[in-house]
Amino acid sequence: MEITDKEIILLLYQVKKRYGYDFSNYSEASIKRRIIRFCEIHRFGQFFDLKHHLLNEPELFADFVLQITVNVTEMFRDPGFFKSLKEKVFPILATYSHCKIWHAGCSTGEEVYSMSIFLKESGLFKTTIYGTDLNPEVLKQAREGVYSMKLMKEYTTNYIKAGGISSFSDYYTAQYDMSILNGDIKKNIVFSQHNLVSDGSFNEFNLIVCRNVLIYFNKQLQERVLNLFYESLAPFGYLALGSKESLQFSSLESKFEPVDKNEKIYKKIA
């Protein structure tokens with residue numbers, strides 16, 4: 001299916017009016033590619049068909065959100081990142097009476113649970129993690145904490161590379177072909193819906209993690225979200241971005257210092 005840039009702009013405007021979701025500042029190339037893929041999956045041959053069904057079928061729109069947003073994640077994804085957090089950030093967080101961590105764009109929750117496991121291993125029990133995403137469907141899976149057993153071998157390897165000190169199998173129960181994460185690593189986690197495009201700050205955090213989300217936004221939206229994170233961080237709080245993301249060339253670059261340049265971990269200094 002061929003779809004013009006003008007048609008995409010019109011569709012996103014009408015989606016915003018109908019459902020309140022604003023995708024207008026997402027990367028143009030990325031969102032066009034995903035809309036075309038959505039049309040292929042649902043066999044829409046004409047732009048009119050796509051627009052008509054999308055604006056009149058809320059269930060179809062729920063799938064649209066799932067396809068448009070990026071939900072690629074895994075436990076201890078990029079082990080070096082988690083190793084660096086554990087070695088360079090957690091010892092500082094351990095000096096606080098209570099820590100608040102925001103994992104923005106948490107998708108189905110694997111990296112949030114990875115964080116919880118390492119907090120437990122580091123003795124940071126007085127910590128609350130807020131996992132947020134704009135997609136209610138992925139948040140539902142995140143709250144359940146149930147994942148395919150087929151993934152556990154890969155996750156175990158990631159855990160070991162990240163510096164895990166226990167047996168990874170201690171953190172879940174196998175049930176047929178699924179793994180159910182233990183309650184003790186779920187109890188300090190709050191999953192809730194939050195839209196980085198339109199919603200504001202909702203707490204003050206000691207650490208904000210938002211990895212591989214900003215790359216799907218245009219420059220204007222990236223700047224907006226980085227300012228939101230800055231406002232949401234406590235003095236000397238930490239910000240962790242994805243491997244292809246950076247504070248370089250942003251208006252906030254001078255307000256942070258790098259803690260780990262390779263793993264894109266920064267500390268708020270101003």
Side-chain angles (χ1 to χ4, degrees), residues 73 75-107 109-133 142 145 158-166 168 170-171 181-192 194 196 201-214 225-243 245-247 252 255-270:
T73 186
M75 294 195 76
F76 297 97
R77 184 184 187 188
D78 302 324
F81 167 77
F82 282 94
K83 186 178 181 66
S84 184
L85 269 187
K86 192 173 184 180
E87 294 177 352
K88 299 179 180 180
V89 177
F90 284 7
I92 306 301
L93 298 186
T95 65
Y96 301 151
S97 58
H98 187 272
C99 290
K100 295 177 182 177
I101 297 173
W102 179 15
H103 196 125
C106 69
S107 187
E110 286 92 328
E111 292 182 66
V112 177
Y113 288 119
S114 303
M115 178 83 69
S116 181
I117 287 171
F118 266 12
L119 288 168
K120 177 181 172 67
E121 292 187 357
S122 301
L124 275 72
F125 300 110
K126 295 181 179 180
T127 305
T128 304
I129 308 175
Y130 298 84
T132 67
D133 201 281
N158 288 351
Y159 169 75
I160 293 170
K161 288 181 178 178
I165 60 174
S166 299
F168 185 63
D170 290 342
Y171 294 112
L181 296 182
N182 296 346
D184 63 334
I185 61 171
K186 293 181 179 180
K187 63 182 180 181
N188 294 332
I189 300 174
V190 178
F191 288 108
S192 59
H194 182 278
L196 290 172
S201 178
F202 60 95
N203 216 317
E204 184 177 74
F205 300 95
N206 305 104
L207 167 64
I208 296 176
V209 179
C210 184
R211 306 179 66 227
N212 306 308
V213 174
L214 297 182
V225 173
L226 287 174
N227 273 279
L228 171 64
F229 292 157
Y230 176 79
E231 294 166 3
S232 302
L233 276 174
F236 307 109
Y238 295 89
L239 174 64
L241 302 177
S243 59
E245 299 161 340
S246 174
L247 289 176
L252 295 170
K255 297 182 182 297
F256 288 84
E257 66 177 18
V259 174
D260 188 325
K261 289 184 178 180
N262 291 330
E263 301 299 342
K264 306 300 175 64
I265 301 173
Y266 304 90
K267 182 178 182 179
K268 180 179 178 179
I269 58 172

Pairwise distance [atom1]([X]) to [atom2]([Y]) - rounded to 0.5 angstrom:
X	Y	atom1	atom2	answer
Lys120	Lys187	NZ	NZ	6.5 Å
Asn227	Glu231	CG	CD	6.0 Å
Asn262	Asp78	CG	CG	12.0 Å
His103	Glu111	NE2	CD	4.5 Å
Phe90	Cys99	CZ	SG	9.0 Å
Ile189	Ile129	CD1	CD1	5.0 Å

**OP:** Would you check if the distance from the ring center of Tyr130 to the ring center of Phe205 is below 6.0 Å?
**Re:** yes
Original post:
When the aromatic ring centroids of Tyr113 and Phe168 are compared, is their separation below 6.0 Å?
Top reply: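 No; Phe168 has its ring centre 6.0 Å or more from that of Tyr113.
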State whether the side chain of [X] and the backbone N or O of [Y] hold a donor-acceptor pair below 3.5 Å, judged by distance alone.
X	Y	result
Lys268	Leu233	yes
Ser114	Glu110	yes
Asn158	Pro79	no
Glu245	Arg211	no
Lys100	Thr128	no
Asn212	Gly242	no

**OP:** Determine whether more than 12 heavy atoms belonging to other residues, nucleotides or ligands lie under 6.0 Å from atom CZ of Phe202.
**Re:**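 Enclosed: over 12 neighbouring heavy atoms sit under 6.0 Å from CZ of Phe202.
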With side chains defined as the heavy atoms from C-beta onward, is the minimum distance between [X] and [Y] less than 4.5 Å?
X	Y	value
Ser246	Tyr266	yes
Phe82	Lys161	no
Ile117	Leu181	no
Pro235	Glu204	yes
Leu196	Phe229	yes
Val225	Val213	no
Asn203	Trp102	no
Tyr159	Phe118	yes

**OP:** Determine the sole option in Leu207, Leu247, Ile265 for which the side-chain contact (heavy atoms from CB on, under 4.5 Å) test with Leu239 is passed.
**Re:**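 Running side-chain contact (heavy atoms from CB on, under 4.5 Å) over Leu207, Leu247, Ile265 with Leu239 returns exactly one hit, Leu247.
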Subject >> Sole candidate of Asp260, Val209, Leu241 that passes side-chain contact (heavy atoms from CB on, under 4.5 Å) when paired with Phe81 >> reply: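 Testing each of Asp260, Val209, Leu241 against Phe81, the sole residue satisfying side-chain contact (heavy atoms from CB on, under 4.5 Å) is Val209.
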Original post:
With a 4.0 Å cut-off, would you call Lys86 and Glu121 a salt bridge?
Top reply: yes
Please find the pair of heavy atoms, one from [X] and one from [Y], that lie closest to each other, and give the distance.
X	Y	answer
Val259	Tyr238	CG2-CE2, 3.7 Å
Ser166	Tyr171	OG-OH, 3.6 Å
Thr73	Ser107	CG2-OG, 4.0 Å
Ser232	Ser201	OG-OG, 2.8 Å

